[in-house]
Every structure is written in C-alpha cells, then in structure tokens.
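Remarks on the structure that follows.
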Amino acid sequence: MRLGQRLRTIADMVPIGVTMADIGTDHAYLPIYLVEQKIITSAIAGDIHQGPYLSAKNAVAAVQLTQHISVRLGNGLEVVKPGEAEVVVIAGMGGANIIDILNSRPEVTSKVKRLILQPMIAAALVRTWLHTQGWQIVDEQLVQEEGKLYQIIAAEPGGSPVVEPVLYEIGPLLWQSKHPLLKLHINELIGHLRGVILAMEGSADAVKLAKYREYTIRLKALEEKIRCL
Ligand SMILES: C[S@@+](CC[C@H](N)C(=O)[O-])C[C@H]1O[C@@H](n2cnc3c(N)ncnc32)[C@H](O)[C@@H]1O
C-alpha cells in the first residue's frame, strides 16, 4: 500500500506497536499501510456509512489482513470498547464532527493515549477543545497535497498552558517550529478571513454583529503574526 503525503504523515505519528482505531477510515488505507509496514499488528477501522465500510472490508480482504484489521460499521467511537485503542486517528472530517465523536464516548476517549486529528476545517475549534479537555498538543504538521494544505495534530493527555488565541488558529507547535509551510498556512487563514469579512461588509446589519468585530480582531492578529516571519 502506497500512501499520499497526508496519510503518510499521519502514519508517521503512530507509535510502533500500539493498538489503533481509525475512525472514518473510508478505504482503510491507513490501517492497511500500518499493518503491512509492521508498525502495528492490529487495528480497528470504523466508518459510519455502508459504502466506505464495504470498501474498507473489501480492501482489507484483498490484502488478506482480515485477521489483523477489524472493520466495523458505526458512528464514531461507538465501534470501540473502552481501552481497546491506545491511539485514535480521526482524519478528513470537519473539526465540529471530530469533537462530537470525541465527546460522545468519554469512556473510550479518556482511555486513549494519543489522538491524531486531521480536521478539514475548524482546526482552531479542535485545538481549543484539546486544551479545555486536558490534552496537550505534542506534534503538529502541515502537508501540501494536490495543491491543498492540511493540518495534522497529535495530542496526548496532559495540561497545556493557555496560549494567545491566534495560536489556536495557527497551531502553537507549527508557530514554534516555524514549519516550512507556515507562511503559506497563515496566508490561507488570512485569505479566508478576509473573504468572510468582505462578504459581511456587504450588509449594514452584518457589520454590527459581534462576529464581525471578532473576525476583524482575528484578522489583525494573523496579519501581525505574518509580519514577524
Ligand atoms: C473524507 S473521508 C476520510 C477518509 C480517511 N480518514 C482519510 O483521511 O483519507 C471521511 C470518512 O469519514 C466517515 N465519517 C463521517 N462521519 C463519521 C462518524 N461520525 N463516524 C464514523 N465515520 C464517519 C465518512 O463516511 C467517510 O468515509
């Protein structure tokens, strides 16, 4: 199994020999790669939809790994028993969905030793959730694949100091390490926010909203950060 750069970076964050659950696995590429490479010996591959579930089942059967990868149909962590997975990967979903999944089975989430999350949107929400729920971000990576930039966050149980709000958006470790793609990442955040602000400025009512003020403050903070690079 050959992985693209995004899934490969996620795979590199999975410690050797752990038990792992890939939630929203779709085609099960990640668990197949990890078992084939002997990074782990077994995995749970979960998906809520019949189509991806069947595609994962077929992919696992095709490489004869049915003894090693348990493909399960169900919502989020409902397919995992407490203590069954030391590492949980949730990749390719929105931040709010990721948080819902983690919140809905506290008995499972509280036993996890490492989360590896790749939110497609709302990464700031995910980082804020991690901070308030007693998770410490231990690794962050940016990956560019087919012209798109992806953020990957690894977290482990433990407290973390409060950081300035803009760093929840940028990623505290991406900022600290001055990741090679950091400038591109911040410019993307700025571009997105400018678009939202511009759209709001088309309405006299929208510019009176607290959200408008919040967005302009966030934009200013991001612009200040990029000037420091
Ligand atoms: C875009 S795919 C990502 C696949 C893979 N994780 C990756 O990053 O390449 C998202 C997958 O998550 C699944 N999904 C969405 N919400 C889910 C949930 N609450 N529980 C389990 N799977 C879910 C979808 O069915 C879909 O297969």
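All of these numbers come straight from a predicted model, not from anything done at the bench. The first residue of the sequence shown is numbered 1, and numbering continues consecutively from there. Side-chain atoms are counted along with the backbone in the values below, which use heavy atoms only and exclude waters and symmetry mates.
- Remark: the backbone N or O of S160 is not paired with any side-chain donor or acceptor of Q136 at under 3.5 angstrom.
- Counting only residues at least two apart or on different chains, the ring-ring contact (aromatic ring centres under 6.0 Å, His included) pairs with a member in residues 144-189 are H131-Y168.
- With E84 contributing its side chain and K81 its backbone, the two residues share a donor-acceptor pair below 3.5 Å.
- Note that CE of M13 is 12.0 Å distant from CG of L115, once rounded to the nearest 0.5 Å.
- Counting all heavy atoms, side chain and backbone alike, A59 lies closest to H27 at CB-O, 3.5 Å.
- With E86 contributing its side chain and T19 its backbone, the two residues share a donor-acceptor pair below 3.5 Å.
- The shortest distance between side-chain heavy atoms of V88 and I23 falls below 4.5 Å.
- Considering only residues two or more places apart in sequence or on other chains, E107 meets the salt bridge (Lys or Arg N to Asp or Glu O under 4.0 Å) condition with R105.
- Here the CD atom belonging to Q144 is positioned 9.5 Å from the CG atom belonging to L142, to the nearest 0.5 angstrom.
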Using the side-chain contact (heavy atoms from CB on, under 4.5 Å) rule, take I44 and M20 through it: C-alpha gap first, then chi angles, then the decisive distance, then the call. CA-CA 6 Å; I44 296 161; M20 199 267 306; over 6 Å; no
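- I116 CD1 to I90 CD1: the interatomic distance, rounded to the nearest 0.5 Å, is 11.0 Å.
- Remark: K57 NZ to S70 OG distance equals 7.5 Å, nearest 0.5 Å.
- L229 CG: more than 12 foreign heavy atoms inside a 6.0 Å radius.
- The salt bridge (Lys or Arg N to Asp or Glu O under 4.0 Å) search around E145 returns none, not counting sequence neighbours.
- Contact check for V14 versus R114: no side-chain heavy atoms found under the 4.5 Å cut-off.
- Two residues are said to be in side-chain contact when any heavy atoms from C-beta on lie closer than 4.5 Å; L34 and E36 fail this criterion.
- Between I40 and V18, the closest side-chain pair of non-hydrogen atoms falls below 4.5 Å.
- Remark: side-chain polar atoms of N97 are not paired, donor with acceptor, to backbone N or O of M93 under 3.5 angstrom.
- For the salt bridge (charged side-chain N to carboxylate O under 4.0 Å, His left out) condition, the pairs that include at least one residue of residues 168-180, sequence neighbours left out, are E169-R218.
- The two residues V60 and A28 make their nearest non-hydrogen contact at CG2-CB, 4.1 Å.
- The closest side-chain heavy-atom distance from P172 to I137 is below 4.5 Å.
- Checked by atom type and distance alone, the side chain of Q5 never pairs as donor or acceptor with a backbone atom of V143 at under 3.5 Å.
- At a threshold of 4.0 Å, the pair E188-K183 does not count as salt-bridged, since none of the basic side-chain nitrogens sits closer than that to a carboxylate oxygen.
- Of the inter-residue distances, the one linking M1 atom CE with L30 atom CG reads 10.0 Å to the nearest 0.5 angstrom.
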Are I152 and L117 close enough, and set up right, to give a side-chain contact (heavy atoms from CB on, under 4.5 Å), and what steps lead you there? CA-CA 6 Å; I152 303 164; L117 310 173; over 6 Å; no
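- With hydrogens and angles disregarded, no donor-acceptor distance shorter than 3.5 Å links the side chain of D26 to the backbone of P52.
- A donor and an acceptor atom, one from each side chain of T9 and Q141, are nowhere located under 3.5 Å apart.
- Checking side-chain atoms of R72 against main-chain N and O of G46 turns up no donor-acceptor pair under 3.5 Å.
- L73 and I48 get closest at one heavy-atom pair: CD1-O, 3.7 Å.
- Linking Ile, Leu, Val, Met, Phe, Trp and Tyr residues whenever their side-chain heavy atoms come within less than 4.5 Å leaves Y215 and L125 in two separate clusters.
- Cluster annotation: L65 is connected to I39 through the hydrophobic network of ILVMFWY side chains, with a link wherever side-chain heavy atoms come within less than 4.5 Å.
- Considering only residues two or more places apart in sequence or on other chains, K211 meets the salt bridge (Lys or Arg N to Asp or Glu O under 4.0 Å) condition with E214.
- There is a path of hydrophobic side-chain contacts, each under 4.5 Å, that joins I153 to V112.
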Does K208 form a side-chain contact (heavy atoms from CB on, under 4.5 Å) with R213? I'd like the steps, not just the answer. CA-CA 8 Å; K208 290 185 199 132; R213 197 176 139 63; over 6 Å; no
Trace of the side-chain hydrogen bond (donor to acceptor under 3.5 Å, both in side chains) decision for Y33 with R8: CA-CA 9 Å; Y33 172 87; R8 180 60 207 264; 3.1 Å; yes
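- No chain of hydrophobic side-chain contacts below 4.5 Å, direct or via other Ile, Leu, Val, Met, Phe, Trp or Tyr residues, connects L219 to I217.
- Placement of V87 and L130 in two distinct hydrophobic clusters is found when ILVMFWY residues are connected by side-chain heavy-atom separations under 4.5 Å, directly or transitively.
- Nearest heavy-atom pair, I32 versus V63, reported as atom, atom and distance to 0.1 Å: CG2-CG2, 3.9 Å.
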Does R127 form a side-chain hydrogen bond (donor to acceptor under 3.5 Å, both in side chains) with Q151? I'd like the steps, not just the answer. CA-CA 11 Å; R127 291 191 182 94; Q151 301 180 59; 2.6 Å; yes
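- Counting heavy atoms of neighbouring residues, nucleotides and ligands inside a 6.0 Å radius, atom CD of E146 does not exceed 12 of them.
- When all heavy atoms of L174 and I170 are compared, the pair lying nearest together is CD1-O, 3.3 Å.
- Closest heavy-atom contact between V108 and V80: CG2-O, 3.3 Å.
- Between the CD atom in Q133 and the CD1 atom in I99 there is a gap of 9.0 Å [rounded to 0.5 Å].
- Listed by chain and number, the residues in a side chain to side chain contact (heavy atoms under 4.5 Å, CB included) with T109 are L77, L102, W129, W135 (sequence neighbours excluded).
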